[in-house]
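These notes are about the structure you will find just below.
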Amino acid sequence: MDDKRPEEQQEPTPPVEESPSHTIKMKTFSFIMLVFLLIIATAGLTVFALTFGDEKAVEVNSPERREFEKLYTAYDKIQDQYFQDVDRNVLVNGAINGMVDSLDDPYSDYLNEEEASQFLEGISSSFQGIGAEVQERGGFITVVSPIKNSPAEKAGILPNDQIIAVDGDSIQGFTTTEAVMLIRGEKGTEVTLTVKRGENADPIDIKIIRDEIPIETVYAEMIGDNIAHIQVTSFSENTYQELLDAIKEMEDEGMEALVMDVRGNPGGLLDVALDISDLFIEEGKPLFEVQAKGTEPEVYTSSAGTKIKVPVTLLIDGGSASASEILAGAMSESADIQLVGEKTFGKGTVQTANDLQDGSNLKFTTAKWLTPDGNWIHEKGIEPDVEVGYPAYASLPVLDTSIELKDGTISEQVKTAEQMLEALGYDVGEVDGVFEEQMTEAVKAFQEEKELEATGILTEDSTFAVMDALREKIKNDDPQLQEAKKLSMEEAGITASEPEEVEETEE
């Protein structure tokens, strides 16, 4: 019946003749059966297509991802025909690793659940291991920098050392994550790294006892003449607050100028680097630029807030990488702060870590960053304004403490020992790799000074003592720090104080 408004007149409708009731029931039943049969037929056709039509099946599930057909085929063939059972998760992880490796980017990596957990440890309060930042370069695991006061630093590991084996097993061709999984371990356990330093140097085994590595990232001290020296060893979760606390402590001790130090700092969290850069840059000036694929660079500028008001210089070297270079670029180009030391590492890309459902992580490069002036320093580094190198003895290879060096021994290890003792002020005769009488006397003199048994033979405790003494000399002499201090004093108008005279008294 047509609907009509109430006010309209409606014509009477003729009566409808009723049909027998059983006829109505038959039509309803037939309709239901017809729908049921159509559903079954549709389902059957779908199953047939999925079962027997390979190409059709791909189209049904992912019509726009035909590029994966070859991957699916390879996966199925390996599962069906490989002569041993294969773990499906291993195949999938391998496929993802293969895609990441094909990027040929040492900063992009796929981490399974266990590896992702260890990655997160690296930016937390502490972890257990040897304490060294490493990176894959040209197929070799290379040390970017050992962490300050870590077992790696104490054992003599230096930036640019190549780790070619772990506990006797070669790691050439390993990814950074794979290498770290082998090198890290529980506190108190021992790991032996086979290290190569320099092009022609022979590899040497270095035994290191793993320890708890606290992520204490800021070290501050007054170095005379009201000059503060603050070293930042990485950019971790708490670094910004640590730095604020250190600055306050130095101000309380009379700081009139500051030497900031990111030598050996391999980087860390981007937002922390920006917060720290902000302390030294006038409000509104650029800190750095980020450029993602297909976009114009996005400029990050300094905000209002806490600022360092005393003159500053910045120490850099080949171990200063990534976030350290962001800080160096900002301080140099937006605040005219002088950089002292050696050219930085040269990492100008930004990585993003993507958590996956099973706890694994896909970390890959998503952008490049540029200095405030628009310079891309990737694989180039940042040059210092005042170049000051380390003394030659600072880059000597480590000595193998398990080997006896004594009269009559001829080797590169002897030559290294001669160079170390000579740097420490001992007369070793000609530095030629031949252990002779004068070298024996030099070793005896060193052993007596260190209250060791004066045998004239270098091994174990005596060898460790030589390397420790040299490390202390490098720290105390530190020509880069002395130059940075001088520049800060000049800018602050500070005159060097006269050394205190010590009165001699007769006894």
Side-chain angles (χ1 to χ4, degrees), residues 107 119-120 122-125 133 135 144-145 147-148 215-220 230-247 258-292 297-308 312-335 337 339 341 344-353 363 365-378 380-382 384:
Y107 305 107
F119 169 72
L120 292 174
I123 56 174
S124 62
S125 60
E133 176 82 8
Q135 176 201 87
V144 175
S145 182
I147 295 174
K148 187 178 178 68
I215 310 299
E216 181 182 352
T217 59
V218 178
Y219 300 83
I230 299 180
Q231 184 174 17
V232 178
T233 59
S234 70
F235 295 87
S236 298
E237 290 175 339
N238 301 321
T239 302
Y240 180 68
Q241 187 58 53
E242 284 184 53
L243 179 57
L244 292 179
D245 294 342
I247 290 169
L258 169 62
V259 176
M260 283 291 292
D261 189 347
V262 291
R263 291 177 297 176
N265 182 330
L269 299 175
L270 176 60
D271 59 343
V272 175
L274 293 180
D275 287 342
I276 290 175
S277 299
D278 209 304
L279 294 170
F280 302 93
I281 311 301
E282 182 183 331
E283 180 184 357
K285 288 194 172 184
L287 299 175
F288 86 138
E289 302 176 7
V290 175
Q291 185 173 20
E298 180 181 1
V299 180
Y300 288 73
T301 58
S302 181
S303 62
T306 303
K307 303 293 178 183
I308 304 301
V312 180
T313 55
L314 180 68
L315 283 169
I316 57 174
D317 69 2
S320 306
S322 190
S324 293
E325 293 172 296
I326 288 175
L327 177 63
M331 292 175 76
S332 174
E333 295 180 2
S334 286
I337 289 172
L339 309 182
T344 62
F345 184 79
K347 179 181 180 293
T349 55
V350 178
Q351 285 67 47
T352 301
K363 176 172 71 77
T365 301
T366 53
K368 63 181 182 181
W369 67 265
L370 312 172
T371 66
D373 291 346
N375 297 314
W376 194 35
I377 57 89
H378 195 60
K380 300 175 186 175
I382 297 175

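All values below come from the heavy atoms of this structure, side chains included, with hydrogens, waters and symmetry mates left out. If you read the sequence from its start, that first residue is 1, and numbering goes on from there.
The two residues Arg263 and Gln231 have their closest heavy-atom pair at O-NE2, 3.7 Å. The two residues Pro286 and Ile281 come nearest to each other via the heavy atoms O-CG2, 4.2 Å. Nearest heavy-atom pair across Ala323 and Gly268 is CB-N, 3.9 Å. Residue Pro384 comes nearest to Gly341 through the heavy atom pair CG-O, 3.4 Å, listed as atom of the first residue, atom of the second, then distance. Ala330 and Pro372 make their closest contact through CA-CG, 4.0 Å (heavy atoms, listed as atom of the first residue, atom of the second, distance). The nearest pair of heavy atoms linking Ser236 to Val272 is O-CG2, 3.5 Å.
Under the 3.5 Å distance criterion, the side-chain polar atoms of Thr365 are left unmatched by any main-chain donor or acceptor of Thr349. Under a 3.5 Å cut-off, the side chain of Thr239 and the backbone N or O of Ser234 do form a donor-acceptor pair. With Ser320 contributing its side chain and Thr344 its backbone, the two residues share no donor-acceptor pair below 3.5 Å. No donor-acceptor distance shorter than 3.5 angstrom exists from the side chain of Trp369 to the backbone of Val350, with no hydrogens or angles considered. For the pair Glu333 (side chain) and Asp373 (backbone), a donor-acceptor distance under 3.5 Å is present. The backbone N or O of Ile377 sits nowhere less than 3.5 Å from a side-chain atom of Asn375 that would complete a donor-acceptor pair. Side-chain atoms of Glu242 come within 3.5 Å of backbone atoms of Thr217 as a donor-acceptor pair (strictly under, hydrogens ignored). Counting only distance, with no hydrogens or angles, the side chain of Glu325 and the backbone of Gly346 share a donor-acceptor pair below 3.5 Å.
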**Report entry** side-chain hydrogen bond (donor to acceptor under 3.5 Å, both in side chains) between Ser302 and Glu283, intermediate numbers included
**Finding:** CA-CA 5 Å; Ser302 181; Glu283 180 184 357; over 6 Å; no
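Here the side chains of Met260 and Phe280 are in contact, with some heavy-atom distance below 4.5 Å. With a 4.5 Å cut-off on side-chain heavy atoms, Tyr240 and Leu279 count as touching. Leu270 places none of its side-chain heavy atoms less than 4.5 Å from the side chain of Tyr300. Under the 4.5 Å side-chain criterion, counting only non-hydrogen atoms from C-beta, Leu327 is in contact with Phe235. Put simply, the side chain of Ile326 does not reach to within 4.5 Å of the side chain of Leu287, judged on heavy atoms.
Taking CD from Glu289 and CD from Glu298, the interatomic distance works out to 10.0 Å, rounded to the nearest 0.5 Å. How far OH of Tyr219 is from CD1 of Ile230: 13.5 Å, rounded to the nearest 0.5 Å. From Phe345, atom CZ reaches atom NE2 of His378 across 9.0 Å, with rounding to the nearest 0.5 Å. Annotation: the span from Lys285 atom NZ to Ser277 atom OG amounts to 14.5 Å, rounded to 0.5 Å.
In terms of the side chain to side chain contact (heavy atoms under 4.5 Å, CB included) criterion, residue partners of Gln241 (sequence neighbours excluded) are, by chain and number, Leu244, Asp245. Applying the salt bridge (charged side-chain N to carboxylate O under 4.0 Å, His left out) rule to Lys307 yields the partners Asp278; only residues at least two apart in sequence or on another chain are considered. With sequence neighbours excluded, the residues forming a side chain to side chain contact (heavy atoms under 4.5 Å, CB included) with Ala328 are Leu314, Ile316, Leu339, Ile382, listed by chain and number.
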